[in-house]
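Report on the structure given below.
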Amino acid sequence: LVYATQPRSYNFSVWCYDNLSPNLSSNASVTISVVEVDKYAPVFTPTYIFLTVNETTPVGTILASTRRDVGTFKVYNATDMDVGPQGVLHYILNYSDPRFSVDATFGTLTVQQSLNLDYINATTFINLIIHACDPHVCSADFNIYTTIIRQNDHYPMFSQKEYSVTYNDSTPPGQVIPSNCTDQDIGVGALQGV
């Protein structure tokens, strides 16, 4: 029986007879229901993407999805050749980074929390793995190799608005003017000098 191409149920009668005289008989109705088994595992195409996102990307931004109708972002595809409920997929994000979430129905990867690298002790490279699951197995993995790019998103700030220094005319060149300037950026966007 092939679930996809055959009827979902068969009805017939079964008769039984005895060999005595008079010849007696009885019948019963039988219904055979054909239930699909989970024959195929989910498959992703492609199996990975590279994603670059700025640390200033707003919360709620969609980064990737199986849906093609919700914006401009990376699109991937997951399929299961099973028919009916056995072929319905749901998605799970296999990574405990609270900054990202995945929608179980469409596999939509979204920024869940701020990606700001200046306040979070976080790595700039993450391999997010989305699992595609049918009702019986989560067998397909989709890797999203994600790089978070630091941005120069903070102005350097002096601790005071004005500094007053008095030097006499015999002060040698190269004397430091006492001041304090800080920058909340870390790394590439950090304060380089005064």
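Note that the structure is a prediction, hence the values are computed from the model and not measured.
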Identify the heavy atoms of [X] and [Y] that sit nearest to each other, and give their distance.
X: I92; Y: C133; result: CD1-SG, 3.7 Å
X: A64; Y: I49; result: CB-CD1, 4.1 Å
X: A140; Y: P42; result: CB-O, 3.2 Å
X: I126; Y: R99; result: CD1-NH2, 3.1 Å
X: I130; Y: L93; result: CG1-CD1, 4.0 Å
X: Y17; Y: S25; result: CD2-CB, 3.4 Å

Can you list the residues that meet the side chain to side chain donor-acceptor pair (under 3.5 Å) rule with T52, with sequence neighbours excluded?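 Expected list: none.
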Contacts of D103 that satisfy side chain to side chain donor-acceptor pair (under 3.5 Å) - sequence neighbours left out: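 In terms of side chain to side chain donor-acceptor pair (under 3.5 Å), with neighbours along the sequence ignored, D103 is linked to no residue.
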Measuring from [X]:[atom1] to [Y]:[atom2], what's the distance to the nearest 0.5 Å?
X: H90; Y: T105; atom1: NE2; atom2: OG1; answer: 10.0 Å
X: N11; Y: T31; atom1: CG; atom2: OG1; answer: 4.0 Å
X: L115; Y: T61; atom1: CG; atom2: OG1; answer: 8.5 Å
X: Y91; Y: T66; atom1: OH; atom2: OG1; answer: 4.5 Å
X: N23; Y: D18; atom1: CG; atom2: CG; answer: 5.5 Å
X: N127; Y: T146; atom1: CG; atom2: OG1; answer: 7.5 Å

Determine, stepwise, if the pair I32 / F12 fulfils side chain to side chain contact (heavy atoms under 4.5 Å, CB included). CA-CA 9 Å; I32 297 176; F12 54 90; 3.6 Å; yes
Show which residues join Y145 in its hydrophobic cluster (side-chain heavy-atom contacts under 4.5 Å, direct or indirect), or state none.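 Besides Y145, the hydrophobic cluster comprises Y48, F50, F125, listed by chain and residue number.
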F106: partners by ring pair (Phe, Tyr, Trp, His ring centres under 6.0 Å), with sequence neighbours left out: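 Expected list: none.
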Those residues that, when tested against F44, pass ring pair (Phe, Tyr, Trp, His ring centres under 6.0 Å) (two or more places apart):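 Testing F44 for ring pair (Phe, Tyr, Trp, His ring centres under 6.0 Å), a comparison that skips the adjacent residues, returns Y76, F142.
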Counting only heavy atoms from other residues, nucleotides and ligands, does the tally under 6.0 Å from CG of N168 exceed 12?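 Yes, CG of N168 has more than 12 neighbouring heavy atoms, counting only those of other groups under 6.0 Å.
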According to a hydrophobic-cluster definition based on side-chain heavy atoms being under 4.5 Å apart (Ile, Leu, Val, Met, Phe, Trp, Tyr only), do L128 and V111 belong together?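 Yes.
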Shared ILVMFWY cluster between V53 and L109, side chains joined below 4.5 angstrom?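 V53 clusters together with L109.
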Does a donor on one side chain sit under 3.5 Å from an acceptor on the other, for N54 and T57?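 No donor-acceptor contact under 3.5 Å links the two side chains.
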All N/O donor-acceptor pairs, side-chain side in residues 79-87, below 3.5 Å, sequence neighbours left out:
unit_1: D80; atom_1: OD1; unit_2: D82; atom_2: N; d: 2.9
unit_1: D82; atom_1: OD1; unit_2: K39; atom_2: N; d: 3.0
unit_1: D82; atom_1: OD1; unit_2: Y40; atom_2: N; d: 3.3
unit_1: D82; atom_1: OD2; unit_2: Y40; atom_2: N; d: 3.1
unit_1: Q86; atom_1: OE1; unit_2: H136; atom_2: ND1; d: 3.0

Under the criterion side chain to side chain contact (heavy atoms under 4.5 Å, CB included), I'd like the reasoning laid out for I144 against F100: C-alpha separation, chi angles, the key distance, then a yes or no. CA-CA 12 Å; I144 302 176; F100 301 94; over 6 Å; no
